[in-house]
Amino acid sequence: MSHFDQMASSTAGAEDPTWRSAARSGAFDAFTNGSMPTQDEEIWRYIDLDFSMDDYRPAEPGLIDLGGDPLKDVLSDPVTVLLSNGEYEGEDRTVDGLSVMSLRRALVESPSVAESVLSRAGVSAEEDLFKAAAAAFGGGGVLVHAGRNIVAPSVVSIDARSGGGGAASFPSIVLVAEEHAELSVVVHLRSTPGDDTLVIPQFSILVGDGARISLSVVQNFDYRARSIGSLRAVVGADATFRFGEIGLGGRLARLHLDVDLEGRGSSANIVGAYFGEQQQILDYRYFMRHIGTNTRSDMFLKGAVEDEARSVFTGMIRIEETGQKTEAFQTNRNLILSEGASAQSVPNLEILANDVRCGHGSTVGPLDADQRYYLMSRGLDPETADRLQMRGFFEEALQMLPHPELAEPTRAWINRKYETAQAEGRV
Amino acid sequence: MPNALEISNLTASIGDLQILKGIDLAVPFGEVHALMGPNGSGKSTLTNALMGHDAYDTSGSALVGGVEVMGLPVHERARVGLFEAFQYPTEVAGVSLRDLITEMIEVAPDPAAASERTTQASGLLEMERFMDRAVNVGLSGGEKKRSEMFQLAVAAPKAAILDEIDSGLDIDAVREVAELVEALRDPTFGVLVITHYSRILRYMNVDRIHVMVDGRIIESGGPEIAERLESEGYASVR
Ligand SMILES: Nc1ncnc2c1ncn2[C@@H]1O[C@H](COP(=O)(O)OP(=O)(O)O)[C@@H](O)[C@H]1O
Ligand SMILES: [Mg+2]
């Protein structure tokens with residue numbers, strides 16, 4: 001029996017303003033008529049979804065206790081936000097024109113901002129069952145907003161916690177930088193150790209003309225959690241979107257990213273570093289659409305998998321007829337650290353304009369034997385040599401993160417995962 | 001007193017291809033020897049077979065300071081006191097020379113002494129500006145060789161093989177490398193300098209020269225061999 005019924009949808013939407021009600025009931029219909037995606041759909045290829053929504057129920061309200069957010073400590077003087085199973089905890093705040101508020105309240109109190117971002121960069125319930133579920137049963141989250149010409153004085157650090165065995169949560173993170181504004185946001189996705197919890201995070205991002213948003217997401221879910229996330233960003237003229245994702249946790253963790261470079265001269269820098277251990281599945285579907293002329297994008301992801309972990313990167317650069325004088329690059333490099341591990345790396349280009357510069361590179365392979373030999377010839381044992389090489393492999397991506405402060409903790413997390421795999425004889 | 005390096009009846013093959021056909025060669029402590037031979041004669045194979053590269057099937061013996069190294073894994077040969085300066089030093093992306101040196105110091109028999117050598121050699125070779133760059137990435141030929149010599153100084157091995165340490169260098173860099181080797185000459189250390197040109201030998205006092213052709217040492221003798229090879233080529237010894 002499904003816990004995701006009409007009643008659950010109504011409860012989730014109890015605070016909706018009337019202008020949102022139709023969207024929610026439409027999403028509910030899409031959810032009830034929808035079915036679990038299968039590998040027949042290109043965008044779900046390579047992974048098996050070995051669960052059903054019936055295995056979960058909407059998370060109960062209440063504070064998830066996970067201790068302090070370690071990422072907050074590496075950022076200088078951040079404005080902090082806590083989301084607990086998607087629900088905004090604490091007061092709304094405005095600091096020098098940067099406003100941080102509960103998404104539920106924002107829908108009521110700032111309807112024009114909320115409506116414009118959700119209509120343009122909101123997740124479409126029609127796309128799949130999980131997006132429909134989020135629109136029908138979610139609603140909690142945060143709106144971070146920088147008005148015209150506002151340069152946010154500090155980074156916003158969002159600690160997004162989930163938890164509860166069998167609980168599903170739908171944290172929604174909405175970022176808006178109006179014309180010539182600047183925003184910097186770090187999101188730490190975490191979940192309670194041992195809990196089989198389903199998290200469907202959604203990022204909706206509007207980068208106004210001449211504006212800049214830098215967003216880093218550190219995905220640090222517990223190994224028992226599943227996460228099916230999506231991100232949609234719409235980038236205006238001469239605006240820049242920088243995004244970095246660090247994929248560490250989750251037995252299944254997926255991120256579907258859609259960036260629309262809409263405005264003339266807009267650009268996007270997308271970086272990723274992921275490390276899959278044991279039976280983890282890390283799944284990235286990144287779509288970059290060049291709509292405006294003179295747009296530029298760069299995607300750069302490095303990943304490693306050990307034991308029986310699997311990773312997927314499918315990257316699509318689509319350049320519309322209008323996207324003349326575009327430059328678009330895409331690189332995905334993967335290390336296979338154990339025989340049973342695998343990585344799919346599928347770069348795609350779809351080019352409808354004729355005056356463009358594009359490039360893509362993709363590699364999947366083991367640690368380099370020449371490097372190991374060289375390092376061992378200096379007296380390093382093979383474990384140390386491999387550890388050094390593995391660290392070096394990620395360094396290039398870590399150097400490109402939108403928030404350099406995250407490089408050090410990320411390095412430590414990745415190294416710890418690798419060293420555990422070494423100690424347990426899996427690599 | 002054992003030799004720094006003593007190789008006896010060493011063979012190396014890859015599959016059916018025998019490359020080294022029984023090498024005997026000894027470098028006493030305190031001496032600098034040269035190994036010369038045309039391209040493809042097996043000089044790098046000798047180096048890598050001694051260091052323990054897994055491409056080769058080997059037989060025979062190699063003693064470093066009297067300790068047998070054949071059969072040991074690569075890093076243990078290094079710890080016994082064998083050092084290879086690579087003909088083509090491998091790039092290790094994302095790993096700084098400082099990180100590598102730190103690990104080398106950690107595994108040294110006397111880390112404090114290794115750390116002291118690092119400070120000295122880094123000053124002498126002006127390595128500080130390379131310390132935070134990735135190992136061998138984007139370095140010129142000369143800079144790579146200098147980095148190899150620096151690592152040699154940190155490792156303080158009993159025996160070192162410098163594979164084509166002069167290749168790809170201009171004449172000033174060749175002289176510099178030669179002087180470095182001379183400066184390293186020490187009663188606790190023996191060196192085998194591999195080259196296929198005699199050019200570098202003009203700037204150093206080698207004690208002995210060994211000539212390798214087709215996987216065999218066909219002649220060993222004093223420095224006069226280099227002069228003959230320079231005027232007459234390898235044809236004269238075949
Ligand atoms: N890994 C290898 N695979 C196949 N052949 C090799 C390999 N290493 C060396 N050889 C062969 O062995 C011979 C000696 O090579 P090498 O030791 O590099 O010579 P040198 O250093 O004197 O120029 C050459 O014919 C070379 O092609
Ligand atoms: Mg050679």
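Within every chain, numbering begins at 1; the chains are lettered A, B, ... in the order of the sequence lines, protein sequences first and strands thereafter.
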field: Closest approach of A:M376 to B:A78 (non-hydrogen atoms, all atoms of both residues)
entry: O-CB, 4.0 Å
- line: One option among B:M104, B:R77, B:E91 has the most heavy-atom pairs under 4.5 Å with chain A, and it is B:M104
- prompt: Are the side chains of A:L388 and B:E103 in touch, meaning some heavy atoms are under 4.5 Å apart?
  reply: yes
message: Give the interface residues of residues 142-164 of chain B toward chain A, defined by a heavy-atom separation under 4.5 Å.
response: B:E148, B:Q151
- prompt: With only heavy atoms counted, which part of A:Q371 is less than 4.5 Å from chain B, the side chain, the backbone, both or neither?
  reply: both
- request: Please flag which part of B:N136 lies under 4.5 Å from any non-hydrogen atom of chain A: side chain, backbone, both or neither.
  value: side chain
- prompt: Between A:D381, A:L380, A:L375, A:T384, which is the residue that forms a side chain to side chain contact (heavy atoms under 4.5 Å, CB included) with B:H75?
  reply: A:D381
query: Say you draw a straight line from CG of A:D370 to CZ of B:F86; how long is it, rounded to the nearest 0.5 Å?
result: 8.5 Å
message: With a 4.5 angstrom heavy-atom cut-off, is it the side chain or the backbone of B:V135 that approaches chain A, or both, or neither?
response: side chain
query: Under a 4.5 Å heavy-atom cut-off, does chain A meet the side chain of B:V107, its backbone, both or neither?
result: side chain
- prompt: Going by residue number, which parts of residues 417-427 of chain A are within reach of chain B, meaning a heavy-atom gap below 4.5 Å?
  reply: none
More than 12 heavy atoms from other groups under 6.0 Å of OH on A:Y46: yes
- line: The interface call for A:L398 against chain B, heavy-atom contacts under 4.5 Å, is neither
field: B:R79 side-chain N/O to A:G379 backbone N/O, donor-acceptor pair under 3.5 Å
entry: yes
message: Please evaluate residues A:R378 and B:F83 with respect to the criterion side-chain contact (heavy atoms from CB on, under 4.5 Å), reporting the C-alpha separation (whole Å), side-chain torsions for both, the decisive distance (0.1 Å), and the verdict.
response: CA-CA 7 Å; A:R378 304 296 129 116; B:F83 187 91; 3.5 Å; yes
field: Which atoms of B:E76 approach chain A - backbone, side chain, both or neither, heavy atom under 4.5 Å
entry: neither
Between OG1 on residue B:T90 and CZ on residue A:R372, distance to nearest 0.5 Å: 12.5 Å
- prompt: By a 4.5 Å heavy-atom criterion (distance strictly below it), what part of A:S377 contacts chain B: side chain, backbone, both, or neither?
  reply: both
- prompt: If you measure only the distance, is there a donor-acceptor pair under 3.5 Å linking the side chains of B:E84 and A:Y373?
  reply: yes
